[in-house]
2 protein chains.
Amino acid sequence: MSRESKVNISLNVLDNHPFLRQTLELVADKWVVAVLYVLSNGTKRYGELQREIGDISQRMLTKSLRDLERNGLVNRKVYPVVPPVVEYSLTPLGESLNGVLKSLCDWSNQNFDAVEAARDKYDKQTLCS
Amino acid sequence: MSRESKVNISLNVLDNHPFLRQTLELVADKWVVAVLYVLSNGTKRYGELQREIGDISQRMLTKSLRDLERNGLVNRKVYPVVPPVVEYSLTPLGESLNGVLKSLCDWSNQNFDAVEAARDKYDKQTLCS
DNA sequence: CCGGATCCTCCTGGATACTG
DNA sequence: CAGTATCCAGGAGGATCCGG
């Protein structure tokens, strides 16, 4: 069974914050965040997710959805018809996590210009060395 | 110049949230978060960081510190003595980002048992299939 | 003590083809 | 439509050696 192992994070220090580490594993993934974001707009089918995210491969979309489902962040509802219909939606847990990601997004909007400024400065410096 | 390219995230949908994507690139990294966390306890030297994180390679520690410095999240202070002394500390920007990570940590402490319960349930189900 | 440069391995993830 | 199975390249990251 192809359950690809997640990045194994084992930090001496962070073991004091046992759950931070694991929660980061939850969301520190490009596609997982994309799926969470799209689903925050409501229930979507597999094909819709694929289209809206755009450049995700089937393999990664499926894998991300399985992970999210396993972690209780996303609901998967299968309608036994042909052709098959499968609907994905956020669980309450998923929605609450999305709220936290939103606060990260807020930080971005307020502070990312500072990050870019720092980058420019750093790159300019190291260019002259 | 060995600037290894970061994961290139280009999402049709997430382009609406231009900075969320980039901020995630900032912190969606195992070691970067570890460094941020250790530095939240105050100024540290290179060797201290290495010891406290424990299982980080020199290569990755250096790389993470360079990235953090470039992004304006960490200060690097070199004392021109022999043997060399280098001190790392959070910038105000880094501290504010740490605050957001803290809220992620809070979410963990409140909700991670639910995640684990979902995992158990999922694994038990799929085991019987 | 603080790293830079290199080598080398393994894993991630895209492409493709195929099913119920 | 909604996936699964397989193959494969590219890059991340650890180990190691070296240098100021």
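Values in this document were obtained by computation on a predicted structure and should not be read as measured data.
- Nearest heavy-atom pair, A/W107 versus B/L26, reported as atom, atom and distance to 0.1 Å: CZ3-CD2, 4.1 Å.
- Looking at B/F112 and A/Q22, their side chains come closer than 4.5 Å, going by heavy atoms from C-beta outward.
- OP1 or OP2 of D/dG3 lies within a sub-4.0 Å distance of a side-chain N or O belonging to A/R76.
- Summarising the geometry, the separation between NZ on B/K77 and C1' on C/dC2 is reported as 17 Å, rounded to the nearest angstrom.
- When the side-chain nitrogen and oxygen atoms of A/Y88 are compared with OP1 and OP2 of D/dG3, one or more of them lie within a distance under 4.0 Å.
- Residues B/M60 and B/K30 are not in side-chain contact: their nearest non-hydrogen atoms beyond the backbone lie 4.5 Å or more apart.
- Place B/I56 and A/L65 on DNA chain D by their nearest nucleotides, and A/L65 ends up nearer the 5' end.
- The CD-P distance, from B/E48 to C/dC1, rounds to 11 Å in whole Å.
- Summarising the geometry, the separation between CG on A/L61 and P on D/dT4 is reported as 11 Å, rounded to the nearest angstrom.
- For B/V86, whose side chain is taken as the heavy atoms from C-beta onward, the closest listed nucleotide among C/dG3, D/dG14, C/dG14 is C/dG3.
- Distance, B/W31 CH2 to D/dA12 C1': 13 Å, rounded to whole Å.
- Straight-line distance from the CD atom of B/Q50 to the P atom of C/dC1: 10 Å, rounded to whole Å.
- Residue A/R45 places no side-chain N or O under 4.0 Å from the OP1 or OP2 atom of D/dC1.
- A donor-acceptor pair under 3.5 Å is absent between the side-chain atoms of B/E116 and the main chain of B/D113, judged by distance alone.
- The backbone N or O of B/G72 lies less than 3.5 Å from a partner atom in the side chain of B/T91, making a donor-acceptor pair.
- Taking atom CE of residue B/M60 and atom C1' of nucleotide D/dG14, one finds them 8 Å apart after rounding to whole Å.
- The distance from atom CG of A/L49 to atom P of D/dC1 is 14 Å, rounded to the nearest whole Å.
- Contact of the A/K102 side chain with the A/N98 side chain is not registered, since no non-hydrogen atoms from C-beta on lie closer than 4.5 Å.
- Taking every side-chain heavy atom of A/R66 into account, D/dT4 is the closest of D/dT4, C/dC2, C/dG3.
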Where protein sits on nucleotides 15-20 of chain C, one letter per nucleotide: B base, S sugar-phosphate only, - none, heavy atoms under 4.0 Å: B-B--B
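- Across all strands shown, B/Y79 has no heavy atoms under 4.0 Å from either base or sugar-phosphate atoms.
- In this entry the distance linking NZ of B/K44 with P of C/dC1 reads 16 Å, nearest Å.
- In summary, B/E87 and B/K44 do not engage in a salt bridge, as defined by a charged side-chain N under 4.0 Å from a carboxylate O.
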